[in-house]
There are 2 protein chains.
Amino acid sequence: MSRIREINSERILESSCIEFAEKGYSATKIIDIAKKAGLPKPNIYYYFQSKENLYRCVLESIIEPLLEASAPFDQYEDPAIALGEYIRTKIRISKEHPHASKVFASEIMHGAPHLTKDISDKLMSQTKHMTTRIDQWVSDGKMEPIDAQHLLFTIWASTQTYADFDWQIGQVTGKKTLDNHDYQTATELITRLVLKGCGLNLVEIK
Amino acid sequence: MSRIREINSERILESSCIEFAEKGYSATKIIDIAKKAGLPKPNIYYYFQSKENLYRCVLESIIEPLLEASAPFDQYEDPAIALGEYIRTKIRISKEHPHASKVFASEIMHGAPHLTKDISDKLMSQTKHMTTRIDQWVSDGKMEPIDAQHLLFTIWASTQTYADFDWQIGQVTGKKTLDNHDYQTATELITRLVLKGCGLNLVEIK
DNA sequence: GTCTATAAGGTGATAGAC
DNA sequence: GTCTATCACCTTATAGAC
């Protein structure tokens with residue numbers, strides 16, 4: 001791939017990610033993506049063939065981070081550390097990929113019409129793996145009995161909300177964008193609720 | 001208002017609520033709303049003037065339940081009961097108004113472009129009221145110190161997720177729709193996390 | 001590889017008959 | 001009050017010059 005092709009593709013992906021996140025798939029106009037990327041409209045089609053294909057590329061860009069996020073479940077034997085690290089990672093994804101997170105959330109909210117079965121399967125299998133691990137910790141007496149699926153729903157929701165509903169969060173906090181300290185506060189609060197809720201002691205990880 | 005007008009308006013509101021929730025504002029076609037309501041397209045305009053006006057009516061239908069949800073903060077002096085009842089009410093809204101909840105969530109996610117300042121102000125003032133109440137409980141020593149704003153973010157996210165991300169929840173649980181028992185499980189889990197996270201004891205309410 | 005000009009298709013909205 | 005037929009506009013997508 002030529003240098004210029006690489007640069008332009010990257011610019012288009014970034015611009016479209018922001019547009020799709022802010023407006024949603026249908027309300028996003030190719031011309032706006034082109035303007036934001038500083039390129040003429042036909043070039044968008046030259047590089048990505050169609051609006052839907054471009055959208056899918058944006059959507060899939062968040063999948064890898066999401067799949068990697070569950071690594072702590074395998075790395076640590078202690079549920080307090082594993083859950084804490086998982087929450088920390090999920091908050092980091094909301095912070096570092098706010099637009100792609102929002103595109104993913106919007107996709108899910110509307111019934112995942114563009115998500116391929118391949119990706120959907122990978123996410124499901126990851127979820128299954130995490131719930132199995134939690135159930136194991138429970139039967140090993142390492143944490144209090146809890147519904148693993150619903151625990152994950154709460155962790156997902158409370159961490160993703162910092163990307164998905166940033167407008168609301170900005171309104172309430174009075175800040176246009178959250179700083180590192182805010183994300184730290186969020187991470188600590190969610191971790192505290194989850195760990196204490198599972199009968200686990202808070203663990204210090206720098 | 002004539003009887004037929006009342007019936008038709010109601011049918012249109014219900015149909016459009018579902019359509020807007022499933023597709024989002026831009027992807028929703030008036031013709032589909034008309035078909036779902038069993039009426040010809042021009043009648044939608046006859047009753048609601050424009051697509052945007054119809055959307056706003058749907059959007060505002062969820063505001064009243066949301067504003068009423070915070071009543072427990074005023075009704076109860078005990079934070080454990082107030083928070084527990086608030087969570088129970090928020091889950092009930094997700095269960096009883098799943099489509100309107102989703103429309104509201106989608107609106108917020110895209111920066112609330114259609115929300116009037118009037119409504120936005122009411123929601124903000126309600127939020128301010130709730131955080132003040134929590135801060136008071138903390139300084140009264142009734143609960144452990146906690147960031148009230150972020151606590152609300154987690155409660156909102158974890159309760160709304162049952163409406164907003166119902167597709168994902170259906171995938172994971174393997175159920176098309178959740179039954180009363182599932183909502184019960186969700187309510188208890190979220191309540192347990194929040195109360196124990198705030199150093200409060202679980203309270204039994206009938 | 002890049003971009004102007006245009007084709008093709010679809011949607012919100014309404015005029016006007018009933 | 002209701003509905004058929006149509007307008008006006010906008011957006012995706014591409015042909016073809018450079």
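All chains are named by letter (A, B, ...) in the order of the sequence lines, taking the proteins before the strands, and each is independently numbered beginning at 1.
- The interatomic distance linking B/Asn53 (CG) with C/dG12 (C1') rounds to 14 Å, in whole Å.
- Of the listed nucleotides (C/dC3, C/dT2, D/dT2), C/dT2 has the atom at the smallest distance from the side chain of A/Asn8.
- A sub-4.0 Å separation between OP1 or OP2 of D/dG1 and a side-chain N or O of B/Asn43 is absent.
- Listed by first and then second residue, the salt bridge (charged side-chain N to carboxylate O under 4.0 Å, His left out) pairs involving residues 58-67 of chain B amount to none (not counting sequence neighbours).
- The stretch residues 12-26 of chain A has no heavy atom under 4.0 Å from DNA chain C, so no residue of it qualifies as close.
- Checked against side chain to side chain donor-acceptor pair (under 3.5 Å), A/Asp32 has no partners two or more places apart in sequence or in another chain.
- Remark: C1' of D/dT2 and CD1 of B/Ile4 are 9 Å apart, rounded to the nearest angstrom.
- For the pair A/Val172 and B/Trp156, the minimum side-chain heavy-atom distance is below 4.5 Å.
- Computed from coordinates, the B/Phe48 CZ to C/dA13 P distance equals 14 Å when rounded to whole Å.
- Among the protein residues, A/Leu39 comes within range of no part of the nucleic acid, since none of its heavy atoms lies under 4.0 Å from any strand.
- Residues that satisfy the salt bridge (charged side-chain N to carboxylate O under 4.0 Å, His left out) test with A/Lys35, not counting sequence neighbours, are absent from this structure.
- What separates CD1 of B/Ile33 from C1' of C/dG12 is a distance of 11 Å, to the nearest Å.
- Counting non-hydrogen atoms under 4.0 angstrom, A/Tyr47 reaches the backbone sugars and phosphates but no base.
- At distances below 3.5 Å, not a single donor-acceptor pair connects side-chain atoms of A/Ser120 with backbone N or O atoms of A/Thr116.
- A/Asp32 comes within contact range of no nucleotide atom at all, as no heavy-atom separation falls under 4.0 Å.
- Following rounding to the nearest Å, A/Tyr45 (OH) and C/dT6 (P) show an atom-to-atom distance of 18 Å.
- Closest-nucleotide positions on DNA chain C for A/Pro42 and A/Tyr46 were compared, and the one nearer the 5' end corresponds to A/Tyr46.
- Residue pairs meeting the side chain to side chain donor-acceptor pair (under 3.5 Å) criterion with at least one partner in residues 36-45 of chain A, sequence neighbours excluded, are A/Glu19-A/Lys36.
- For A/Tyr25, the ring pair (Phe, Tyr, Trp, His ring centres under 6.0 Å) partners at least two apart in sequence or on another chain are A/Phe20, A/Tyr55, A/His114.
- Pairs of residues two or more places apart, or lying in two chains, never qualify as ring-ring contact (aromatic ring centres under 6.0 Å, His included) while including a residue from residues 167-191 of chain B.
- Every side chain to side chain donor-acceptor pair (under 3.5 Å) that A/Asp166 has, sequence neighbours left out, goes to A/Lys102.
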Please list, pair by pair, any protein nitrogen or oxygen found under 3.5 Å from a nitrogen or oxygen in nucleotides 8-11 of chain C.
residue	atom	partner	partner atom	Å
C/dT11	OP1	B/Lys29	NZ	3.2

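- Rounded to whole Å, atom P of D/dT14 lies 10 Å from atom CD of A/Gln49.
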